[in-house]
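On a predicted model such as this, the values are computed, not experimentally measured, just so you know. Quick note on labels: first sequence line is chain A, next is B, and so on, each numbered from 1.
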Amino acid sequence: MADGGKPPTPEKKSWADVEEEEEAKAKAAAAAEAASSSSSNEPAVDAQAKQIEALSLSVPEEHGGSGGGGDDQGPPLLDDSDESQIQAVTSGGTVYESAAAFEDLKLTPELLKGLHDEMGFSRPSKIQAVTLPMILTPPYKDLIAQAHNGSGKTTCFVLGMLSRVDPNRKVTQAICICPTRELAQQNKSVLMRMGKFTGITCACAIPPAQKDYVPIAKMPKITDQVVIGTSGTLMKWINHKKILTNDIKILVFDEADHMLAEDGFRSDSERIMRDIQRSAGGCQVLLFSATFNERVKDFVTRVIKDGNQIFVKKEELTLEKVKQYKVQVPDERAKIAVIKDKIFEFGQKVGQVIIFVRTKQSTKDVHNALTLEDYVCSSIQGSLDQSEREKIIQEFKNGYTKVLISTDVLARGFDQAQVNLVINYDMPIKFGTRDEPDYEVYLHRIGRAGRFGRKGAVFNLLCGETDNTVMRKIETYFQHNVPEVRNWQSEEDFERALKDAGLVE
DNA sequence: AAAAAAC
């Protein structure tokens, strides 16, 4: 790609510079993107970058058995099929060897104990085998890593943070930024478990529940070695010197494409990034996500110029084990009928269900409609009080509630092994458009089912021509044919679909 | 015509 007009900058380009460039480019890109649904551009690869190997990253065989309260599933068992490929590109002269065992990574005995005894992992998943050496080997290069939903990305960056922290120094040395409070809490909980025997402490930087509110001035300084949080609160704590940034060695962006998208959290992320890099030079940056659309990929590869990169083609991104279906329904009322009379009839016996809707109001409407029919469910969205959010998530994670209605607050990252059914009550649409799908959100939503290679099913409820257009575009984009449940009134049709998905006998 | 974060 032409990159001609950039000024000669001897230093590493700052994020602000890249953003300016980005803006200039955006107009041209916007036009191109309209027609880009069939584009199959290769990622722009740095001329100096050397491709080391093309690795197969495929979803593991199911081995967790049915249900079981534990969320301590063993590691994905990755076969060597060519179903899906990831491309690893290294920068500079460092050579990395994929880690066949956690023991190959020079981890402390405490961390190995955490991985084996607490997490129940016996060996690294594919993405872990590839990225962990990149993360843990000096000179600690930055990393952009894309891998499938539920393939074990969290372990990659949590282990990265834990091993780069000096447990003897009671200062913040690692920061992780997430798009939602739920994800921040979930990541903290994974880190606490994995680091159980290390003595490393972690703070969650999210706004407190109302009852726990204290003015920032009265808040004590953070001494935890790891801080995981959402952008607003992290910024606030940094600005008020509650977090000192000069000893930070590693900065992680979870759901990085969203954290760095123009219509996502880019400006917040850049500000935090700048603050940290100003006071802690040479801080390692890790970007992780299951999705990087061409536009974001282009941006992040220019921001993280000197890092290692791993990408997956979008055609390879849908999970084999999660069967997608489309269902034509005449109206909204029929959607409720389908959910309760057809899908729940079988689906609820199987595991837990998440129903995605477009607006906060819709969570309430659908919740009410199902409650009227005597179905027990709960619903969540970002305007609920923090304590309420936590309660609903806790109840769902404990398995007390089987059906959760949600906005896209839970579209990304939410990890609950027992969820094997996802219903798109509303299809995800790009903001400001009528029938342009949000491909990334779609992929993240369906990725809530089929964690770590488990079986799952997705029902897309389509009402009207617009929904059909959206669905068609999604099929084209991922080059994945989505079969139709012929008759929304036919119990047999749904039963067959769930059988094909392997969810009912 | 929005979800998220946060003021």
Taking only residues two or more places apart in sequence or in another chain, which ones pass side-chain hydrogen bond (donor to acceptor under 3.5 Å, both in side chains) with Asp365(A)? Gln361(A)
If you look at every strand shown and take non-hydrogen atoms under 4.0 Å, does Thr433(A) touch a base, only sugar-phosphate, or nothing? base
Strictly under 4.0 angstrom, non-hydrogen atoms only: write out the protein contact profile of nucleotides 2-7 of chain B, one letter per nucleotide from the 5' end, B, S or -. BBBBSS
Please list all pairs passing the ring-ring contact (aromatic ring centres under 6.0 Å, His included) test where one or both residues lie in residues 223-246 of chain A, with sequence neighbours left out. none
Can you list everything that forms a ring-ring contact (aromatic ring centres under 6.0 Å, His included) with Phe157(A)? Sequence neighbours excluded, please. Phe288(A)
What residues, two or more places apart in sequence or in another chain, satisfy ring-ring contact (aromatic ring centres under 6.0 Å, His included) together with Tyr442(A)? none
Across all chains, not counting sequence neighbours, the side chain to side chain contact (heavy atoms under 4.5 Å, CB included) partners of Asp408(A) are Phe356(A), Ala411(A), Val441(A), Arg445(A)
